[in-house]
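Note on naming: letters A, B, ... go to the chains in the order of the sequence lines (proteins, then strands), and numbering restarts at 1 for each one.
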Amino acid sequence: MVKVYVPIDSTALSLGAERTAKAIVAEAQARGIDIQLIRNGSRGLFWLEPLVEVELAEGRVAFGPVQPKDVASLFDANFINALSDSAKGHPLYLGLTEELAWLKTQQRLTFTRVGITDPVSLEDYLAHDGYKGLKNALALSGADIVKAVTDSGLRGRGGAAFPTGIKWNTVLNAPAEQKYVVCNADEGDSGTYSDRMIMEDDPFVLIEGMTIAGIAVGATQGYIYLRSEYPHALKTLNEAIRRANIAGYLGENIQGSGKTFHLEVRRAAGAYVCGEETSLLESLEGKRGLVRFKPPLPAIEGLFGKPTIVNNVISLATVPIILDKGAQYYADYGMGRSRGTLPIQLAGNLKQTGLVELAFGATLRELLYDYGGGSASGKPIRAVQVGGPLGAYLPESQFDTPLDYEEFGKIWAVLGHGGIVAFDETADMAKMARYAFEFCAIESCGKCTPCRIGSTRGVEVMDKIVAGKNHPQNVQLLRDLSDTMLNGSLCALGGMTPYPVLSALNHFPEDFGLSNKEAAA
Amino acid sequence: MDHLLSQEQQTLIKAHIQAHQHVPGGLMPLLHAIQDDIGYVPEIIYPDISKALALSVAEVHGVVSFYHHFRTHPIGKHVLQICRAESCQAMGSEKLETELKSRLGVDYHQTTQDGKVTLLPVYCLGNCGCSPAVMLNDEVYGRMNSEKVSELIAEVCHG
């Protein structure tokens, strides 16, 4: 029986994949053709979603984007025999999926299975090298597992880029009766969706990564703090956890090792600030998500006051391949101190959006034009925001910056969680600066004054600047306020809101009613 | 409990409180369970929650009011969330917001006169590759414009 794949990823669903899947099943039935429909994750080529694949001995053949109205013509062209002349002649025929340039040029390590497997099939996961990392980890001491993660050079992919191994080592060496592993799945940054894709499209890799983390540091309980805006991820994660428990990959005596690791998903409730690790821990404890003072570090006094690993989804989902293929294998990718790969998410005004996993070092220009295909509107790309709502806006003159934590730091920008949002020339950058303050005001936890009050004052100052009131004084005030927020805020929400604001002001002064000379003054 | 809550709702709430009483950090999952079932978290049940979880009523109120997701009053039968974040702005979400507000005759946090649709802002649905995005109940829709959203509303909410 021929296997036909139709993605079940949220983005594919948002473009009608459910109806496409139903139409294919109905049409096959009507024509008396036997097919096996498999709901896989998304390959991450969103302009081609819903992307339908047919499995042949030669490999999987792609057609897309397939809407229900296209289904009859696909059957007419005998697309089940996907490399036949008639199938090749169909306007939606794309060829062998693995040969698509967009995919072929990527280095998919963390996303190695995404789009290929049925997300909740443990058999599929095992058949595609799943749980090899855990198997190796179970034969190692905790210290050796931590050493492998340290040697791989993996840094926190949530945005802060703190070395994951160092964090783990602190928890390993913190004596306690109970320790925890917490996965930060509160992916609230605009332009990012890689966490969501891992959770919906390959949930076992996150479960495996967390299990390895637990075994490494002696934590027996894990929590995934998942944003409430991701109902599909919730369903998929819970189903995968249930199956992992049944198969002995979670719970007591994992695979006969005598080790225990329990895992539970906890839903967030729409507070952006809870993506900050200490605020997240407060929320997990059932409290308001107020940011904590540091120290103590969560690695020493984290959830319920116990030593806790808090890592982003991508960081944890990258651990299995490190333990499977070795620290050096992972560290061989990348540049400078940015080792390994980064799953980059192309978003906003781009022709070809989607997930591109590459070794650190590719330039923004390659991503925007080679992968992204330029703007969706056809107008020149004017600004790009990298790293979410707290990331800087970059002008065209900075598009040759390589994606590398330190290189971005040099131009006063951040890579963050790897989201890239493109804006065309119609974007009003003063408006975007105002929005950055507005967002901060809505999402501030209220604990520190620079963020709580500064964000509201920022909106007011921006309104005055846009209205042309006391121009030079208000621009100076905007800079002073930004300085206070940068240096006086308790966490990155208030502390980094000046990044989008000042980068917009410095690179696009004309939108603030200033000449370049005035802006520099 | 409030006489405005039906017997069935009161039973559900009681069961949820009992089930979460000894769960570490159980307040958030409890609030979710209540809102999932009856659509909101009635303020009248704060004393019951506080007693069962050994918290003050102020603490319960503090948590409910901190999170955008929780609400203390019933809303429309369907919830339409429009993404206001940067990626969607880059693809014209402001126009979409303005047009939808005028078509539905409501502003954010309001419900249409027929009680069918409550309009809410949201900051990122993780569908940034297909902006602008909206979420109707639990389903996300990408590359939207006001015509397409209106068709969706007609299909899902009035169908």
Side-chain angles (χ1 to χ4, degrees), chain A residues 10-11 13-15 44 46-47 49 187-193 195-196 227-233 266-272 274 283-290 303-304 345-350 353-355 376-377 385 388-389 419 421-424 427 432 435 439 442-443 445 500, chain B residues 20 23-33 35-36 41 49 53 55 58-71 81 83-94 120-144:
Chain A
S10 281
T11 289
L13 293 176
S14 86
L15 299 171
F46 293 158
W47 74 101
E49 289 288 1
E187 181 178 54
D189 288 353
S190 174
T192 67
Y193 44 80
D195 292 354
R196 179 185 62 67
R227 64 198 304 253
S228 54
E229 293 84 349
Y230 285 177
H232 290 289
R266 286 285 175 92
R267 279 157 80 192
Y272 176 78
C274 289
S283 184
L284 263 182
E285 291 181 6
K287 302 175 192 159
R288 294 161 70 87
L290 296 185
L303 185 62
F304 303 115
Q345 304 121 85
L346 297 181
N349 201 328
L350 288 175
T353 56
L355 193 288
S377 61
Q385 188 177 33
V421 179
F423 293 78
D424 73 9
M432 298 316 296
Y435 172 80
F439 180 71
I442 295 168
E443 299 298 339
C445 83
Chain B
H20 290 86
V23 173
L27 183 56
M28 292 279 285
L30 170 60
L31 297 175
H32 272 297
Q35 184 161 305
D36 285 352
V41 182
I49 295 176
L53 272 66
L55 299 166
E59 281 170 316
V60 177
H61 171 77
V63 170
V64 175
S65 59
F66 182 85
Y67 296 96
H68 301 304
H69 179 79
F70 297 127
R71 45 190 177 247
Q81 302 184 80
C83 179
R84 291 197 66 212
E86 287 87 344
S87 177
C88 288
Q89 289 186 42
M91 291 300 280
S93 64
E94 257 186 83
L120 296 175
V122 67
Y123 298 88
C124 198
L125 294 164
N127 199 31
C128 322
C130 301
S131 293
V134 306
M135 191 177 224
L136 182 55
N137 301 326
D138 269 356
E139 291 301 327
V140 185
Y141 300 88
R143 296 191 201 128
M144 285 288 116

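- Summarising the geometry of Asp36(B) relative to Arg267(A), their closest heavy-atom pair is OD2-NH1, 2.7 Å, with the distance given to 0.1 Å.
- When every heavy atom of Ser87(B) is checked against every heavy atom of Gly348(A), the shortest pair comes out as OG-N, 3.0 Å.
- Side-chain atoms of Tyr123(B) do not come within 3.5 Å of backbone N or O of Ser190(A) as any donor-acceptor pair.
- His68(B) and Glu443(A) share a side-chain donor-acceptor pair at under 3.5 Å.
- To the nearest 0.5 Å, the span separating OH on Tyr141(B) from CG on Leu13(A) amounts to 9.5 Å.
- For Asp424(A), no part sits under 4.5 Å from any heavy atom of chain B, backbone or side chain.
- The two residues Ala90(B) and Ala422(A) make their nearest non-hydrogen contact at CB-O, 3.4 Å.
- Note on Ser10(A), Ser377(A), Ala268(A): by heavy-atom pairs under 4.5 Å with chain B, the leading option is Ala268(A).
- Between chain B and the options Phe423(A), Tyr272(A), Phe304(A), Tyr435(A), the largest number of non-hydrogen pairs under 4.5 Å is found for Tyr435(A).
- For chain B, the nearby part of Cys274(A) is the side chain; its heavy atoms alone come within less than 4.5 Å.
- If you take CZ on Arg288(A) and CG on Leu27(B), they are separated by 12.0 Å, rounding to the nearest 0.5 Å.
- Taking both residues in full, the closest heavy atoms of Phe66(B) and Leu290(A) are given as CE1-CD2, 4.0 Å, listed atom of the first, atom of the second, then distance.
- Annotation: the span from Glu285(A) atom CD to Met28(B) atom CE amounts to 12.0 Å, rounded to 0.5 Å.
- Between Phe439(A) and Arg84(B), every side-chain heavy-atom pair lies at or beyond the 4.5 Å cut-off.
- For the options Ala271(A), Gly354(A), Gly286(A), heavy-atom pairs under 4.5 Å to chain B are most numerous at Gly286(A).
- Here Cys445(A) is the residue among Gly388(A), Ala233(A), Cys445(A) with the most heavy-atom pairs under 4.5 Å with chain B.
- Between the CD atom in Glu187(A) and the SG atom in Cys128(B) there is a gap of 8.0 Å [rounded to 0.5 Å].
- Taking CD of Glu229(A) as the reference point, atom CG of Asn127(B) lies at 13.0 Å (rounded to 0.5 Å).
- Cys124(B) places none of its side-chain heavy atoms less than 4.5 Å from the side chain of Tyr193(A).
- Contact of Arg266(A) with chain B is made through the side chain alone, with heavy-atom distances under 4.5 Å.
- With a 4.5 Å cut-off on side-chain heavy atoms, Thr353(A) and Met91(B) do not count as touching.
- Contact count against chain B (heavy-atom pairs under 4.5 Å) is highest for Asn349(A) among Leu355(A), Asp195(A), Asn349(A).
- Between chain B and the options Ala427(A), Gly289(A), Ser228(A), Pro389(A), the largest number of non-hydrogen pairs under 4.5 Å is found for Gly289(A).
- Here the closest heavy-atom approach between residue His32(B) and residue Ala269(A) is recorded as NE2-CB, 4.0 Å.
- In terms of heavy-atom proximity, Pro231(A) sits nearest to Asp138(B) at CG-O, 3.6 Å.
- With a 4.5 Å cut-off on side-chain heavy atoms, Tyr67(B) and Ser283(A) count as touching.
- One distance of note links OG of Ser14(A) with CE of Met135(B); it measures 10.5 Å at 0.5 Å rounding.
- Contacts between Thr192(A) and chain B at a heavy-atom distance below 4.5 Å involve the backbone alone (N, CA, C, O).
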